[in-house]
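Quick caveat: nothing in here was measured; it's all calculated off a predicted structure.
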Amino acid sequence: MEVIVTKNKDSAGHLIGQKLMFAFEGTTVPAEILDDITEKQIAGVTIFRAFNVDSLAQIRTLTATLQTAAKNAGNPPLLIAADQEGGQLNALGEETTQFAGNMALGATDDPELARRVGFAMGRELAALGINVSYAPDCDISTNPKNPACGTRSFGDNPNCVASLATAYTVGMQTVGVAATVKHFPGCGDAQEDSHYHMPLIAHNRERLDAVELLPFRATIDADAKVVMSGHFAVPALTKSTEIPATLSRSVMHDFVRDELGFNGVVITDAFDMSAITQGTGQIIDAIAAFRAQVDLLLLTSDRDVMQRLYEGMQLALGRGLLSEEEIQKSVQRIRHLRQWVGRAEQPPLSIIQSTEHVALAQEVAERATTLVRNQAGLLPLSLNADARLLVIMPQPKDLTPADTSSYVKPRLAEMVRTYHPDVDETITSHPPTDDEIAALGKKASEYDLVILGTIDAHMDAQQAQLANLLLSGNVPLITVALRTPYDLTAYPQAKTYLCTYSILQSSMRALATLLFGHLTPSGKLPVDISNLHKRGHGLNSF
């Protein structure tokens, strides 16, 4: 084993620093972070959209400043990471190419397309100086009521998810950006969001092997560089309903290292989630995570928390609560990753939103859009020139902390106007209020056609109420699930139903193009919709 030699006499502090991912607020690098790079020798930083993103040039300058500080301190390249999943989680702003996300890729069921997307997203990250992507999400969407999974999942078939996630990982890592497969060992069946509570995955080991674990085995076999642990209980692996997988040695060491043979870097999910003990109790959980053989703690921008955990882990190492030998091995894994990402060349900023990438994003959106029902024969639309259309959808908002939908401008009506000029738009509250629902029930009667977009209406009684009210009227209605396909369970009598898996502009353009018959539908459902339609269903003609 190589012994880590540090330039400062405080070697314990340097060992601990190299196991921490810091964060900060601001679009320039604060002086204290530059000090952390030199004095604590931190492993790297995570870039957050709300805190650190202003423009592409600004991000590139920020990451260059960070790497210069590391180089001047004699350290290997920093790990600079972002949650750039695509779809409902875009960490770097609208100036990057907007890809529809995992479930849209699931609707195409095309691993080569997933590889191309991973490659393109990796190139854009690399151009910005970001060398770790917290993607792809390998969770399997087996629970429609999961509040945190949604379109972040490729679908509900383990083999399809494994194939797509592997292809995406290979594509991204081809350009020298480390992919992060998450959330190990799989929380697609969770009933709660670990930002707020600790979910329980109660399946037995046989089920875990057949479903949840399959994509992780595949991506690890394909040399995924990073695994992200999940903050949820998996008693089949931990023998406890109280210990999150992140803190369990039987999961992080015995299973990830010994059974799966993973020699890369294991990082926690964000350590500020309520599934992890907060306050000073975080120190105990951080010790447990390190003893479990987690390599990196993913910290957010609270300066007091970062300092407390740094000092707490330093003391724990000094008191013998942590094995220095294991910490040394962990730091070696991290340094190996830092050296690996440092070998890649940085593309120019001009490749971001290049013609090729924008066309690829549009291809994903078009191939994903799924025509589930056309029982009323409304599609393709053939309207009189004076026909009046009403487009309704809720104001996009962040449904979980792992969501950037609130940044997205509603563009469904705008895209429909490309093909028909007389289109009115109503953006409701999210969820719509009782007054809005009543008013729209009356207003709809003034139009010749209504297009209703819903966002997770299967978990929103108000959206379901609006949809069913409109369906009870006499005006032809087209319903569209703008996020997950499960919305049909909230208004199952709908006769015209489509799925876009995203509210991004490319998806809205694809939808409008399909509605007016200028695009042949090709998407297939990547999940079962209760007892209504099976995975793989999708009409390929009108």
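Contact of the Asn540 side chain with the Lys524 side chain is registered, since non-hydrogen atoms from C-beta on lie closer than 4.5 Å. Using a 4.5 Å heavy-atom cutoff, the side chains of Leu260 and Phe184 are in contact. Under the 4.5 Å side-chain criterion, counting only non-hydrogen atoms from C-beta, Ser522 is in contact with Arg367. With a 4.5 Å cut-off on side-chain heavy atoms, Gln462 and Leu466 do not count as touching. Between Met198 and Met273 the shortest side-chain heavy-atom distance does not fall below 4.5 Å. At least one side-chain heavy atom of Asp487 sits under 4.5 Å from a side-chain heavy atom of Tyr497. A 4.5 Å side-chain heavy-atom check between Phe216 and Phe262 finds every atom pair outside the cut-off. Residues Leu208 and Ile201 form a side-chain contact, since some pair of their non-hydrogen atoms from C-beta on lies under 4.5 Å apart.
A donor-acceptor pair under 3.5 Å links the side-chain atoms of Gln353 to the main chain of Glu94, judged by distance alone. Proximity of a side-chain donor or acceptor of Arg60 to a complementary backbone N or O of Ala127 within less than 3.5 Å is detected. Panel note: side chain Thr489, backbone His458; no donor-acceptor pair is recorded below 3.5 Å. Gln346 contributes no side-chain N or O that, together with a main-chain N or O of Ala344, makes up a donor-acceptor pair within less than 3.5 Å. No donor-acceptor pair closer than 3.5 Å links the side chain of Glu366 to the backbone N or O of Leu519. A donor-acceptor pair under 3.5 Å links the side-chain atoms of Asp156 to the main chain of Asp528, judged by distance alone. With hydrogens and angles ignored, the 3.5 Å screen pairs a side-chain donor or acceptor of Thr169 with a backbone N or O of Ala165. Of the possible polar contacts, one joining the Asn374 side chain to the Leu379 backbone as a donor-acceptor pair under 3.5 Å is found. With Arg338 contributing its side chain and Pro77 its backbone, the two residues share a donor-acceptor pair below 3.5 Å. Here the side chain of Gln173 pairs a donor or acceptor atom with the backbone of Ala179 at under 3.5 angstrom.
Ring geometry, Tyr419 versus His518: the interplanar angle falls under 30°, so the pair is classed parallel (tilted spans 30 to 60°). Between Phe48 and Phe51, the ring-plane angle classifies as perpendicular under the 30° and 60° cut-offs.
A donor-acceptor pair shorter than 3.5 Å can be found between the side chains of Ser507 and Ser502. When only modelled atom types and interatomic distance are considered, Gln84 and Ser133 share no side-chain donor-acceptor pair under 3.5 Å. At a cut-off of 3.5 Å, with distance as the only test, a side-chain donor of Asn90 or Gln98 sits close to an acceptor on the other residue. Under 3.5 Å, the side chains of Ser153 and Asp139 contain no donor-acceptor pair of N or O atoms.
Residue Lys397 qualifies as enclosed at atom NZ: its count of foreign heavy atoms under 6.0 Å is above 12. The number of heavy-atom neighbours closer than 6.0 Å to NE2 of His430, taken from other residues, nucleotides and ligands shown, is above 12. When the shell of 6.0 Å around CD of Glu345 is examined, it contains 12 or fewer heavy atoms from other residues, nucleotides or ligands. More than 12 heavy atoms of other residues, nucleotides or ligands lie within 6.0 Å of CD in Glu25, so this atom counts as buried by the packing criterion.
Between Leu92 and Ala82, the closest heavy-atom pair is CD2-CB, 4.2 Å. Closest approach of Asn146 and Asp189 over heavy atoms only: ND2-N, 4.1 Å. Among all heavy-atom pairs drawn from Pro394 and Ile427, the shortest one is C-CG2, 4.0 Å. Nearest heavy atoms, Cys138 versus Val161: O-CG1, 3.9 Å. What you find for Pro158 and Leu214 is that their closest heavy atoms are O-CD2, 3.8 Å. What you find for Phe255 and Val251 is that their closest heavy atoms are CB-O, 3.2 Å.
Annotation: the span from Arg411 atom CZ to Ile503 atom CD1 amounts to 11.0 Å, rounded to 0.5 Å. Separating the CE atom in Met172 from the CG atom in Leu125 is a distance of 5.0 Å, to the nearest 0.5 Å. With values rounded to the nearest 0.5 angstrom, Asp456 atom CG is found 9.5 Å from Lys145 atom NZ. The CD atom of Glu95 sits 8.5 Å away from the CD1 atom of Ile352 when rounded to the nearest 0.5 Å. Atom CD1 of Ile276 sits about 4.5 Å away from atom CZ of Phe271, to the nearest 0.5 Å. Rounded to the nearest 0.5 Å, atoms CZ (Arg217) and OG1 (Thr166) are 13.0 Å apart.
The side chain to side chain contact (heavy atoms under 4.5 Å, CB included) test with Met228 singles out one residue from Val265, Thr246, Ile267, and that residue is Ile267. Among Val294, Val181, Thr180, the single residue meeting the side chain to side chain contact (heavy atoms under 4.5 Å, CB included) criterion with Val227 is Val181. Considering Asp137, Asp109, Leu105 as possible partners of Phe154, the one that fulfils the side chain to side chain contact (heavy atoms under 4.5 Å, CB included) test is Leu105. Partner of Gln88 under the side chain to side chain donor-acceptor pair (under 3.5 Å) criterion, chosen from Thr400, Thr484, Thr151: Thr151.
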Given the rule in the salt bridge (Lys or Arg N to Asp or Glu O under 4.0 Å) test, do Glu414 and Arg417 qualify, once you have shown the distances and angles that lead to the verdict?
CA-CA 5 Å; Glu414 176 186 339; Arg417 288 191 195 103; over 6 Å; no
Would Phe232 and His183 count as a ring pair (Phe, Tyr, Trp, His ring centres under 6.0 Å) here? Give the steps.
CA-CA 9 Å; Phe232 48 90; His183 304 85; 7.8 Å; no
Using side chain to side chain contact (heavy atoms under 4.5 Å, CB included), reason through Leu511 and Ile451 one step at a time and then give a plain yes or no.
CA-CA 11 Å; Leu511 173 63; Ile451 301 173; 5.5 Å; no
Step by step, would you call Phe516 with Thr418 a side chain to side chain contact (heavy atoms under 4.5 Å, CB included)?
CA-CA 10 Å; Phe516 285 88; Thr418 303; over 6 Å; no
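The pair Lys225-Asp223 meets the salt-bridge criterion, with a side-chain N (NZ, NE, NH1 or NH2) lying under 4.0 Å from an Asp/Glu carboxylate O.
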